[in-house]
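In what follows, every heavy atom counts, from backbone to side chain, and hydrogens, waters and symmetry copies are set aside. Numbered from 1 within each chain, the chains take letters A, B, ... in sequence-line order.
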Protein chains: 2
Amino acid sequence: MAEQPLYQQIAEDLRKQIHDGTLAPGSQLPTETDLRKQYDASRNTIRDAVKRLSSQGLIETRPGRGTFVTTRPDPFVFVLTAQPGQLSVGEGVTYLSTVGAEKRKASMSTPTVEVQAARTVIAARLRVPPGTQVVSRHQERFIDGFPWSLQTSFYPMEFITRGAIRLLMAEDIEVGAVQYLGDMLGLSQFGYRDWITARTCDSNEQAFFRIPHDSTVFEVFRTAFDQKKNPMRVTVTVFPTDRNQFIVNVGDVPEPEYSQDDPPA
Amino acid sequence: MAEQPLYQQIAEDLRKQIHDGTLAPGSQLPTETDLRKQYDASRNTIRDAVKRLSSQGLIETRPGRGTFVTTRPDPFVFVLTAQPGQLSVGEGVTYLSTVGAEKRKASMSTPTVEVQAARTVIAARLRVPPGTQVVSRHQERFIDGFPWSLQTSFYPMEFITRGAIRLLMAEDIEVGAVQYLGDMLGLSQFGYRDWITARTCDSNEQAFFRIPHDSTVFEVFRTAFDQKKNPMRVTVTVFPTDRNQFIVNVGDVPEPEYSQDDPPA
DNA sequence: GGGTATTTGTCCGTATGTATT
DNA sequence: AAATACATACGGACAAATACC
């Protein structure tokens with residue numbers, strides 16, 4: 001039974017205080033100088049302990065102000081298995097806490113449109129050779145002004161030459177891109193596949209979502225298929241894991257019971 | 001444009017070398033002493049840079065040996081929207097790389113059975129009052145001997161008193177628990193809901209999966225419903241995000257295209 | 001097994017910079 | 001401007017794990 005290093009012991013002690021509520025979410029931890037006296041350790045050792053908890057997202061440090069227990073936002077719950085075609089932006093999103101929850105509103109930035117050579121993953125999903133030109137439409141999405149997700153949709157360049165010219169416009173397609181493709185090209189969405197992965201965020205995402213540099217995000221690849229089972233669109237959406245959850249319904253299921261988890265033991 | 005701190009510059013430089021392949025996966029980084037000369041920085045500054053990459057999972061340090069670029073295992077891809085009843089253990093799992101992929105085999109430990117007071121999340125999903133006694137069956141699951149997931153299923157205690165006594169036995173229910181409940185209690189699974197979340201791993205999970213202390217895991221809550229839409233089982237499965245991905249199919253979709261992502265820019 | 005060199009881990013001290021109040 | 005609190009960067013000393021002879 002080897003003894004744990006001092007900084008880990010301190011981290012464990014603080015973690016317990018956070019979990020049992022001695023240190024409530026949002027409250028300030030003792031300053032480094034105080035902790036130093038409290039545990040009779042050097043400042044660097046205290047900082048190692050704090051860094052450990054900080055990198056796990058339990059606490060966050062604010063220069064000049066202090067160290068605080070992280071407050072977790074009320075998670076957004078997104079239903080992945082909705083019926084195709086009947087969803088518009090932000091629909092399918094619900095919230096864990098229903099107490100006093102006025103209806104929240106999703107919004108998005110006007111799209112950034114680019115023509116790119118398709119990355120390997122995108123090309124494979126669109127079933128085009130890697131490096132093929134594709135149209136990319138990128139949007140920032142918010143819920144009640146809170147950064148929610150970053151979404152990029154990819155369409156085959158061929159759709160443009162076949163007449164779906166509005167895909168190149170840096171403006172919302174009010175009627176919905178799927179509807180528009182149906183009108184212009186006779187394509188309709190008969191199904192889609194979501195591919196859910198997780199990874200650490202990059203610096204763009206870190207800045208947009210205002211999350212610590214090493215926190216993780218969901219990256220969901222949605223491939224939409226037309227009536228001939230050909231891919232018509234690939235949408236990559238990045239969700240920070242601290243505020244997003246997903247629901248998948250299979251078969252005959254009732255309405256979900258929304259419930260907060262109890263604090264981990 | 002403020003200049004970045006030295007340790008972050010060093011981290012960035014090393015990150016680039018990892019991404020562009022100068023430092024290949026599995027290869028050893030220069031030692032701290034070498035890096036110190038290379039960047040003309042103190043050992044602690046080098047260590048701060050290394051820690052930054054280490055906490056992001058890009059590199060891992062092995063005491064007495066050196067620092068190495070992380071090798072990522074071939075991800076397991078799990079299909080969440082399979083038809084109920086037709087799945088046994090490990091089915092629905094495929095692999096990204098198909099090159100020379102002999103059929104891999106899933107296995108699991110014999111279950112650990114406990115009777116517990118239901119946590120809030122479990123109770124809400126089973127639709128019983130919090131604190132109600134429930135049967136918990138916990139198993140470690142492997143693929144080709146590689147730790148894959150940790151699974152705990154919860155059943156209402158009432159099932160035992162109604163005769164499904166084998167739920168209390170610490171042994172596999174060969175025929176499958178769902179089938180068994182059908183035979184004994186006339187319950188059959190008409191649907192399920194998966195609730196996908198992510199969080200940082202705890203120390204048990206860290207040890208079992210052999211992952212760094214602050215890496216994240218998927219936590220999937222699967223609630224199974226019977227013909228009357230009543231919950232009959234809640235299964236909580238923990239998957240490390242570094243080796244697991246999920247697929248959700250909706251509507252009419254073709255077979256997936258498995259494809260590795262290209263290295264992030 | 002033992003001894004030694006190498007490499008990372010822990011812990012301390014100090015000085016200075018930057019952000020906030 | 002001054003005080004407070006965290007961030008960066010340097011230095012040193014010893015411990016623990018590993019590899020090699």
If you only use heavy atoms from C-beta on, which nucleotide in [options] is closest to the side chain of [X]?
{"X": "B/Glu32", "options": "C/dT8, D/dC10, D/dC6", "value": "C/dT8"}
{"X": "A/Arg65", "options": "C/dT21, C/dC11, D/dT8", "value": "C/dT21"}
{"X": "A/Pro63", "options": "C/dG13, D/dA7, C/dT8", "value": "D/dA7"}
{"X": "A/Tyr7", "options": "C/dT8, C/dC11, D/dT8", "value": "C/dC11"}

When we call it a touch if two heavy atoms are under 4.0 Å apart, what does B/Gln8 touch: a base, just sugar-phosphate, or nothing?
->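 It contacts sugar-phosphate atoms only.
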With both distances under 3.5 angstrom, what nucleotide forms a Watson-Crick or G-U wobble pair with C/dC11?
->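 D/dG12 is the nucleotide pairing with C/dC11.
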Determine: side-chain N/O of [X] to OP1/OP2 of [N], distance under 4.0 Å, yes or no.
{"X": "A/Thr45", "N": "C/dC12", "value": "yes"}
{"X": "A/Thr33", "N": "D/dT4", "value": "no"}
{"X": "B/Thr61", "N": "C/dT8", "value": "no"}

Specify the separation, in whole Å, of atom [atom1] of [X] and atom [atom2] of [N].
{"X": "B/Asn44", "N": "C/dT8", "atom1": "CG", "atom2": "P", "result": "14 Å"}
{"X": "B/Glu60", "N": "D/dA17", "atom1": "CD", "atom2": "P", "result": "18 Å"}
{"X": "A/Lys51", "N": "C/dG9", "atom1": "NZ", "atom2": "C1'", "result": "13 Å"}
{"X": "A/Arg52", "N": "C/dG9", "atom1": "CZ", "atom2": "P", "result": "13 Å"}
{"X": "A/Gln28", "N": "D/dT4", "atom1": "CD", "atom2": "C1'", "result": "11 Å"}
{"X": "A/Asp34", "N": "D/dA5", "atom1": "CG", "atom2": "P", "result": "7 Å"}
{"X": "B/Asp48", "N": "D/dC6", "atom1": "CG", "atom2": "P", "result": "17 Å"}
{"X": "A/Leu6", "N": "C/dG9", "atom1": "CG", "atom2": "P", "result": "17 Å"}

For DNA chain D, whose closest nucleotide is more 5', that of B/Ser42 or that of A/Pro30?
->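 Looking at DNA chain D, the more 5' nearest nucleotide goes with A/Pro30.
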Output the distance between atom [atom1] ([X]) and atom [atom2] ([Y]), rounded to the nearest 0.5 Å.
{"X": "B/Arg222", "Y": "B/Arg125", "atom1": "CZ", "atom2": "CZ", "value": "13.5 Å"}
{"X": "B/Leu14", "Y": "B/Gln9", "atom1": "CG", "atom2": "CD", "value": "12.0 Å"}
{"X": "A/Ser203", "Y": "A/Phe208", "atom1": "OG", "atom2": "CZ", "value": "14.0 Å"}

Examine B/Phe239 together with B/Phe76 and report whether their ring centres are nearer than 6.0 Å.
->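 They do not qualify: ring centres at least 6.0 Å apart.
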Counting N and O atoms only, with roles assigned by atom type, does the side chain of B/Arg243 sit under 3.5 Å from a partner on the main chain of B/Pro147, one being a donor and the other an acceptor?
->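 Present.
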Confirm from the modelled atom types if B/Arg43 and D/dA9 form a donor-acceptor pair under 3.5 Å, side chain to base only.
->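 Donor-acceptor pair under 3.5 Å: no.
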When you match A/Asp40 and B/Arg47 each to their closest nucleotide on DNA chain C, which lands nearer the 5' end?
->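 Residue closer to the 5' terminus by nearest nucleotide: B/Arg47.
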